[in-house]
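Working notes, structure below.
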Amino acid sequence: MDYRTLGSTGIKVSELCLGTWRFGKETNGVVETDRERAHELLTAAWERGINFIDTANVYGDPNGTSEEFIGDWLQDYAREDFVLASKAYFPFDETNPNGRGLSRKHIRAQIEGTLERLGTDYLDVYYIHRWDDETPIRETLRTLTELVRDGKINYLGASSMAAWKLTKALWQSDVEGLERFEVTQPRFNPTFRDEVADYLDVCADQDLAVCPYSPLESGFLTGKYDRDGSTPDGSRGDLLAWDNHFSEQQWRVLEAVQSVAGELDATPAQVTLRWLLARNRFTCIPIIGARTVDQLDDNTRVSDVSLSDYHVEQIDRAYHGE
Ligand SMILES: NC(=O)c1ccc[n+]([C@@H]2O[C@H](COP(=O)([O-])OP(=O)(O)OC[C@H]3O[C@@H](n4cnc5c(N)ncnc54)[C@H](OP(=O)(O)O)[C@@H]3O)[C@@H](O)[C@H]2O)c1
């Protein structure tokens with residue numbers, strides 16, 4: 001496993017981050033990753049050199065289950081060996097009008113719950129999961145800055161939002177002398193690019209680390225789905241009953257990824273992850289959502305794969321329909 005400095009922060013993270021969105025998540029009556037499987041994945045990830053773990057207060061059913069699974073597991077390990085990231089924004093308590101968003105009240109309540117479930121007294125990265133149009137960003141940034149000064153958060157992160165909102169938040173931090181977002185988490189992969197192009201320009205210009213979520217487009221870029229709509233049993237597409245879920249452009253990109261994988265004797269997942277790691281305008285750390293140890297092994301073998309400029313061009317040309 002290779003390690004990279006996380007943007008303009010001082011910490012080193014494995015070049016893959018382990019995503020835990022599906023830990024404890026119940027979909028159509030099926031728990032996608034139960035406690036035992038979650039612990040197996042965390043152990044396997046750690047043994048393969050992954051030190052960066054991504055979760056959120058609302059991951060799992062009920063909310064907080066993913067953080068609980070990680071916290072249980074972490075008791076047998078040294079907290080200091082890990083870079084832990086969590087998030088707040090989405091409704092945690094549907095019955096409470098203040099049980100969501102990015103107000104001072106909600107953030108202060110949520111960080112306490114997250115720290116307790118993870119069994120730690122600080123987070124390395126705390127993301128705003130989305131932008132809250134109902135809370136001034138000044139209030140959110142002031143609250144997050146207080147939490148950094150209290151020692152509860154090391155670095156601030158921002159997930160999906162419009163590029164102008166990310167820019168506005170960075171401006172607000174600068175003019176008020178507040179902590180600024182250092183780490184970002186957009187959806188980004190070879191099939192999902194134009195939608196985040198402006199956002200990524202901000203990240204490149206401001207030296208923000210980029211941790212793409214759904215780097216394999218929820219499994220599509222492994223080549224496991226067929227154009228006829230068939231989905232392997234137990235796959236995400238099967239559980240969510242995807243039907244004609246992907247665009248022609250996505251199929252074109254997948255075919256290019258598969259062709260490059262064939263030339264390199266690699267898998268489409270490895271080629272996709274290497275394409276992300278090869279971004280050179282910013283530090284890029286994909287957040288992988290492997291559901292089994294075999295998938296994790298496939299993904300971590302990205303370290304054996306390198307892409308030539310020609311290979312990257314084949315994938316880019318397919319995206320642009322050239
Ligand atoms: N900030 C946000 O709003 C946001 C949103 C989404 C996710 N995230 C974060 O990003 C993480 C990753 O997202 P994601 O789960 O969508 O990522 P992903 O890697 O694009 O998709 C994961 C799925 O791909 C399949 N897969 C992965 N590796 C495979 C392999 N080698 N061979 C075959 N199938 C493979 C598995 O599907 P099957 O289940 O079908 O086997 C797995 O469930 C999440 O866990 C979470 O931490 C953040």
Take Glu255 and Arg252, measure what salt bridge (Lys or Arg N to Asp or Glu O under 4.0 Å) needs, and give me the verdict at the end.
CA-CA 5 Å; Glu255 281 157 16; Arg252 257 194 344 254; over 6 Å; no
No-hydrogen, no-angle side-chain donor-acceptor test under 3.5 Å, Thr283 and Arg4
no
In sequence, state the C-alpha distance, the side-chain angles, and the governing distance for Ser103 and Glu139, and then conclude on side-chain contact (heavy atoms from CB on, under 4.5 Å).
CA-CA 7 Å; Ser103 66; Glu139 172 174 335; 3.6 Å; yes
Applying a strict under-4.5 Å side-chain criterion to I, L, V, M, F, W and Y, I'd like to know whether Ile287 and Phe23 cluster together.
no
Just verifying a value: how many Å separate Arg104 CZ and Thr140 OG1, rounded to the nearest 0.5 Å?
9.0 Å
Quick one: ring-ring contact (aromatic ring centres under 6.0 Å, His included) pairs with a partner in residues 83-117, sequence neighbours left out?
Phe90-His129
With rounding to the nearest 0.5 Å, note down the distance linking CG in Asn299 to CG in Asp294.
11.0 Å
Step through the shown structure and confirm whether more than 12 heavy atoms of other residues, nucleotides or ligands are within 6.0 Å of CG on Asp150.
yes
Flag yes if Ile288 and Val305 sit in one hydrophobic cluster, no otherwise; membership is Ile, Leu, Val, Met, Phe, Trp, Tyr, and two members link when side-chain heavy atoms are under 4.5 Å apart.
yes
Leu296 and Ile70: same hydrophobic cluster, using ILVMFWY side-chain contacts below 4.5 Å?
yes
Would you please test Thr27 and Glu32 for side-chain hydrogen bond (donor to acceptor under 3.5 Å, both in side chains) and show each step?
CA-CA 7 Å; Thr27 304; Glu32 293 191 34; 2.4 Å; yes
Taking the hydrophobic residues Ile, Leu, Val, Met, Phe, Trp and Tyr, and joining any pair whose side-chain heavy atoms are under 4.5 Å apart, which ones share a cluster with Val183?
Leu6, Ile11, Val13, Phe52, Val83, Val125, Tyr127, Tyr155, Ile285
Other ILVMFWY residues reachable from Leu239 by side-chain steps of under 4.5 Å
Val30
Atom OG1 of Thr120 and atom CZ of Arg79: how far apart are they, to the nearest 0.5 Å?
4.0 Å
Filter on ring-ring contact (aromatic ring centres under 6.0 Å, His included), then keep only pairs touching residues 296-322, sequence neighbours left out; what's left?
none
Please name all residues satisfying salt bridge (Lys or Arg N to Asp or Glu O under 4.0 Å) with Glu80, sequence neighbours left out, ordered by chain then number.
none
Salt bridge (Lys or Arg N to Asp or Glu O under 4.0 Å) assessment of Glu176 paired with Arg142
CA-CA 9 Å; Glu176 288 209 39; Arg142 285 182 180 170; 3.0 Å; yes
Any pair with a residue in residues 255-285 that passes ring-ring contact (aromatic ring centres under 6.0 Å, His included), sequence neighbours left out, goes on the list, sorted by first then second residue, please.
Phe188-Trp275
Gln270 pairs by side chain to side chain donor-acceptor pair (under 3.5 Å) with which of Asp298, Asp304, Asp265, Thr300?
Asp298
Check for me, please, whether Leu178 and Trp171 land in the same ILVMFWY cluster - side-chain distances under 4.5 Å, paths through other members count.
no
Would Val293 and Val31 show up in the same hydrophobic cluster when neighbours are defined by side-chain heavy atoms closer than 4.5 Å?
no
Verdict with reasoning, Leu144 to Glu179, per side-chain contact (heavy atoms from CB on, under 4.5 Å):
CA-CA 8 Å; Leu144 293 171; Glu179 293 291 323; over 6 Å; no
Assess the residue pair Asp238 and Lys224 against the criterion (salt bridge (Lys or Arg N to Asp or Glu O under 4.0 Å)); give the C-alpha distance rounded to whole Å, side-chain angles, the decisive distance to 0.1 Å, and a yes or no.
CA-CA 11 Å; Asp238 179 36; Lys224 68 168 62 176; over 6 Å; no
Quick one: side-chain contact (heavy atoms from CB on, under 4.5 Å) partners of Pro91, sequence neighbours excluded?
Glu94, Arg100
By side-chain contact (heavy atoms from CB on, under 4.5 Å), which residues pair with Ala169, not counting sequence neighbours?
Trp131, Ile137, Leu141, Phe181
Using the ring-ring contact (aromatic ring centres under 6.0 Å, His included) criterion, which residues pair with Phe82? Sequence neighbours excluded.
Trp46, Trp73
Tell me, do Asp54 and Gln185 make a side-chain contact under 4.5 Å, heavy atoms counted?
yes
Just do the side-chain contact (heavy atoms from CB on, under 4.5 Å) check on Leu170 and Val202 with the steps written out, would you?
CA-CA 10 Å; Leu170 294 169; Val202 178; 3.9 Å; yes
Can you confirm whether Glu322 is buried at CD, in the sense that more than 12 heavy atoms of other residues, nucleotides or ligands lie under 6.0 Å from that atom?
yes
Roughly how far, to the nearest 0.5 Å, is the CG atom of Asn51 from the CG atom of Leu16?
10.5 Å
To the nearest 0.5 Å, what is the distance between CG on Leu115 and CD1 on Ile111?
4.5 Å
What I want to check is whether the side chains of Ser259 and Gln314 have a donor and an acceptor closer together than 3.5 Å.
no
Please list, chain by chain and in numerical order, all residues satisfying salt bridge (Lys or Arg N to Asp or Glu O under 4.0 Å) with Arg48, sequence neighbours excluded.
Asp297
From Leu273 CG over to Arg301 CZ, what is the distance, rounded to the nearest 0.5 angstrom?
13.0 Å
Could you tell me if the side chain of Arg227 sits less than 4.5 Å from the side chain of Phe246, heavy atoms only?
no
Do Glu112 and Lys152 pass the salt bridge (Lys or Arg N to Asp or Glu O under 4.0 Å) test, and can you show the C-alpha distance, the side-chain angles, and the key distance before you say yes or no?
CA-CA 9 Å; Glu112 292 308 327; Lys152 296 193 176 184; 2.5 Å; yes
Contact check, side chains of Thr267 and Thr222, non-hydrogen atoms, under 4.5 Å:
no
When you look at Tyr225 and Ser235, which way does the side-chain contact (heavy atoms from CB on, under 4.5 Å) test go after all the steps?
CA-CA 9 Å; Tyr225 297 108; Ser235 65; 3.5 Å; yes
Give every donor-acceptor pair under 3.5 Å between a side-chain atom in residues 206-216 and any protein atom, sequence neighbours left out.
{"from": "Gln206", "atom 1": "OE1", "to": "Arg180", "atom 2": "NH2", "distance (Å)": "2.6"}

What pairs meet the salt bridge (Lys or Arg N to Asp or Glu O under 4.0 Å) rule with one or both residues in residues 196-206, with sequence neighbours excluded?
Asp201-Arg281
